[in-house]
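Reviewing the structure listed below.
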Amino acid sequence: MTSVYFKSLYSPSPEVKDVAHEGLRMVLTHQSRLPKELLQTGLRPILMNLADPKRLSIPGLEGLARLLELLTNYFKVEIGHKLLDHFRIVADPQLLQESSKQSITDNDGIIKLVRLANIFHLLPPTANIFLEPLVNAIVQTEAQMHFSTKSPFSEPLARYLDRYPSEGMEFFLRHLSYTRQLRTLRSILQAGLAQNLLHELASRTPVLVMQLRASTPNDRNIVTSILSLFQDLSTLIPSWIAENDYAIDAVVDLWRSSLPSEDSLPSVVNDVIQKYCLMLSIFTQALKDSPRIDLVFEITSVYTFNLGIDIVGTTTFLYERVASNRNAVFKRNILMRFLTWFILPSSSEVQKAYFIRYVVSPILLVNAKRWKQEDRLIDTDFIKRIHTLIWLPMSNPMSDTSDGYKIEILHLTTILVQHYPELLEDSRKDIMKGAWSYISSCDDAIAKQTAYLLAAHFFAAFPTPQKFILRAWTGLLRMPHSEGRVGLRHEALSILAPSLPKSEINESGHPLWARTTRKLLVEEGIGTMMTIYHLVVKQPRLFFPVRSLFVPHIANSLNKLGMTASAGLESRLLSIDILQIIFEWEEQAAESSKEIQVANEQNDDSRWLTPLNLRENMVSYLVRLTTGTHDQPSRVALLPKSFSLLHRIVGPNGWADVTVGLRFFSRALELVGHYSISLVTIH
């Protein structure tokens with residue numbers, strides 16, 4: 001019966017081999033030693049095949065592995081030498097090169113190599129003598145097959161290394177400068193195939209830290225290897241960071257000291273990028289596992305490196321793990337540490353700007369919009385420190401301060417004014433003084449616009465004399481259209497607009513801001529005109545009471561927006577938008593006129609209607625714009641809006657007194673059909 005089990009171990013059928021293996025295991029549980037003759041008979045087929053590498057077969061190697069699992073004590077460890085020789089012979093470079101282009105599962109040569117490697121962990125205990133030659137053979141094989149992650153050899157090698165974790169880790173630590181060996185080790189660890197080996201690596205943390213601190217600029221490969229292993233440990237063992245704070249401290253010291261000079265950077269840029277990416281990954285993992293606020297300050301310094309590192313992930317991490325963190329104590333500690341760190345000589349102006357941009361401002365903004373009522377993140381003491389550190393210096397022009405730094409402190413101040421005005425009562429004078437100082441002294445257009453935005457929010461939050469509001473309004477309108485960010489200027493104007501009427505309650509006639517704006521329309525160029533028209537579109541209620549100042553100018557300047565050779569799609573769309581606002585004003589004025597007549601009141605501003613000649617001018621322009629020659633993108637964007645507005649204006653509920661020559665409508669006939677608007681309806 002035992003002889004049948006031995007023979008069946010070499011069967012091509014997996015089911016038969018499984019039953020034979022189980023049967024032989026049951027025999028050995030009842031009989032500690034087999035008769036010598038029976039053993040020799042059972043082992044002879046596989047031993048004969050091992051004598052010649054050409055006779056190796058996949059079923060035979062699988063049978064040998066099963067026999068070794070059951071009969072380890074019956075084999076001599078020297079069989080490993082023969083297995084290694086066969087591995088080297090089968091691993092022919094040409095075979096490996098061809099195999100790298102094919103499916104591994106269909107390649108008998110590669111499967112034989114995997115089965116050979118899978119035998120070593122089943123050899124007698126002294127099989128650790130094969131560790132170095134086996135690892136080197138597998139590393140070389142993986143390299144020739146161009147594996148960069150887990151390979152078919154990872155699992156059998158992991159079983160072997162997990163049996164000898166101390167010797168295995170000793171080997172790899174001696175070869176830290178060899179990237180191929182490190183890749184093989186990390187593939188095994190990251191796949192979770194050798195837990196004993198992983199814990200052995202964790203126990204070697206003190207050795208790795210000492211080696212990292214003792215490294216020199218010439219040890220680039222060793223440093224990168226140690227950092228790679230630290231990254232794996234921090235990811236694979238959740239408690240590793242908490243248990244090895246000193247390892248993170250060593251990485252922090254390396255982070256601060258290892259940036260090469262700009263002269264030597266081109267030759268080592270790839271190594272430096274890899275090293276800093278690894279350290280960044282370790283820091284972010286450490287922050288996930290422990291509230292080490294010092295690491296937040298280290299992470300933000302990456303924005304000051306001119307290395308071409310992808311920082312999108314870092315920005316996302318800071319927003320999700322820091323700014324959006326619900327732990328108020330953690331965020332409060334960061335803000336208080338920021339006040340201390342801000343005055344350190346080692347804190348550069350550039351890093352301060354980035355830290356405010358990516359940490360301080362997002363924390364305050366997210367807290368104000370989500371949890372301000374729940375968490376008192378800042379108080380008057382914090383504001384007093386900010387007042388001393390930032391706002392008092394702001395009130396004096398700082399020509400030696402970078403524009404980026406100015407923009408960030410202006411943005412931070414804007415957030416505080418907008419969302420925390422109740423804390424700024426004692427500081428608002430210096431805040432406003434600093435904003436005006438920057439408006440007057442900044443040469444950079446974006447910094448100037450940001451200062452205007454701060455002023456606009458300040459006027460919305462605190463009572464302010466009219467002259468300051470009007471000065472900011474005029475300054476924003478006069479800024480060249482091509483400078484800075486158009487969206488930033490429009491935002492500042494939109495926030496500033498509601499403050500204008502409140503400051504002129506007792507003024508008779510048209511308010512000063514309206515007369516000033518009308519004057520700028522006449523005196524300034526097309527850029528200012530478009531800015532004001534955009535503002536009219538966004539703030540129609542503000543301009544409605546003073547529309548008599550602006551509608552004539554709009555009607556007479558339409559050709560500049562849409563009919564000149566230099567007119568673009570943006571200005572043409574703007575002309576349609578502003579005509580729509582005028583039409584809606586007319587509807588509103590008509591309703592107001594009826595209400596005033598019923599009440600027997602006199603209010604010329606509310607009853608003012610656009611003169612007929614101006615209406616005809618606007619309708620004429622709209623028809624010419626609609627029927628003009630446009631390219632396809634312009635036609636798709638313009639025609640639906642222009643036809644819709646034209647339909648409203650000359651329809652039954654529109655301007656009935658407008659008479660436009662039939663020549664305009666005859667030119668529009670073609671286009672009318674495209675939008676299913678009948679000639680009767682438009683007439």
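Values in this document were obtained by computation on a predicted structure and should not be read as measured data. Just so you know, these numbers use all the heavy atoms, side chains as well, and skip hydrogens, waters and symmetry mates.
Although no hydrogens or angles enter the test, the distance criterion places a donor-acceptor pair under 3.5 Å between the side chain of Ser347 and the main chain of Trp341. Judged by distance alone, the side chain of Ser620 and the main-chain N or O of Glu616 form no donor-acceptor pair under 3.5 Å. Distance alone, capped at 3.5 Å, places no donor-acceptor pair between the Ser281 side chain and the Cys277 backbone. In this structure, Asn556 contributes its side chain and Pro552 its backbone to a donor-acceptor pair below 3.5 Å. The closest donor-acceptor contact from the side chain of Ser437 to the backbone of Lys433 lies at 3.5 Å or more, if one exists at all. Of the possible polar contacts, none joining the Arg428 side chain to the Phe462 backbone as a donor-acceptor pair under 3.5 Å is found. The main-chain N or O of Phe297 is found under 3.5 Å from a side-chain atom of Gln351 such that the two form a donor-acceptor pair. Judged by distance alone, the side chain of Arg489 and the main-chain N or O of Gln449 form no donor-acceptor pair under 3.5 Å.
Residues Tyr354 and Thr304 have side chains that never bring a donor and an acceptor to within less than 3.5 angstrom of each other. A donor-acceptor contact closer than 3.5 angstrom links the side chains of Ser427 and His387. Remark: the Ser402 side chain and the Glu349 side chain contain an N/O donor-acceptor pair separated by less than 3.5 Å. No hydrogens or angles considered: a donor-acceptor pair under 3.5 Å links the side chains of Thr517 and Trp473. Between the side chains of Ser548 and Trp608, no donor-acceptor pair is found at a separation under 3.5 Å. Using modelled atom types and a 3.5 Å distance limit, the side chains of Ser301 and Trp255 yield a donor-acceptor pair.
For the side chain to side chain contact (heavy atoms under 4.5 Å, CB included) with Tyr438, the lone residue among Ile409, Asp444, Leu454 that qualifies is Ile409. Only one option out of Ile299, Val322, Thr315 pairs with Tyr358 in a side chain to side chain contact (heavy atoms under 4.5 Å, CB included); it is Thr315.
Evaluation of the salt bridge (Lys or Arg N to Asp or Glu O under 4.0 Å) test over residues 454-474, restricted to residues two or more places apart or in two chains, returns none. Screening residues 361-370 for salt bridge (Lys or Arg N to Asp or Glu O under 4.0 Å), with sequence neighbours left out, gives no hits.
For the pair Tyr533/Ile554, a side-chain contact is recorded, criterion being any heavy-atom separation below 4.5 Å from C-beta on. In this structure, Tyr303 and Thr314 have side chains that are in contact, with non-hydrogen atoms separated by less than 4.5 Å. Using a 4.5 Å heavy-atom cutoff, the side chains of Thr531 and His490 are in contact. Within the 4.5 Å cutoff, side-chain heavy atoms of Lys406 are placed close to those of Asp403. Gln588 places none of its side-chain heavy atoms less than 4.5 Å from the side chain of Arg541. You'll find the side chain of Trp371 reaches within 4.5 Å of the side chain of Lys331, heavy atoms only.
Taking both residues in full, the closest heavy atoms of His553 and Leu521 are given as NE2-O, 3.5 Å, listed atom of the first, atom of the second, then distance. In plain terms, the two heavy atoms of Leu535 and Ser494 that are nearest each other are CD1-N, 4.3 Å.
The existence of a salt bridge linking Lys641 and Asp577 is confirmed by a sub-4.0 Å separation between a basic side-chain nitrogen and an acidic carboxylate oxygen.
Phe468 has its ring centre no less than 6.0 Å from the ring centre of Phe459. Taking the centre of each ring, Trp513 and Phe543 come in below the 6.0 Å mark.
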Take Lys538 and Glu491 through the salt bridge (Lys or Arg N to Asp or Glu O under 4.0 Å) test and state the conclusion after the steps. CA-CA 10 Å; Lys538 292 182 179 181; Glu491 180 184 1; over 6 Å; no
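Under a cutoff of 6.0 Å and an axis angle of 45°, Lys352 and Phe342 form a cation-pi pair.
Under the side-chain contact (heavy atoms from CB on, under 4.5 Å) criterion, Lys288 pairs with Gln285, Phe317, Arg321, not counting sequence neighbours.
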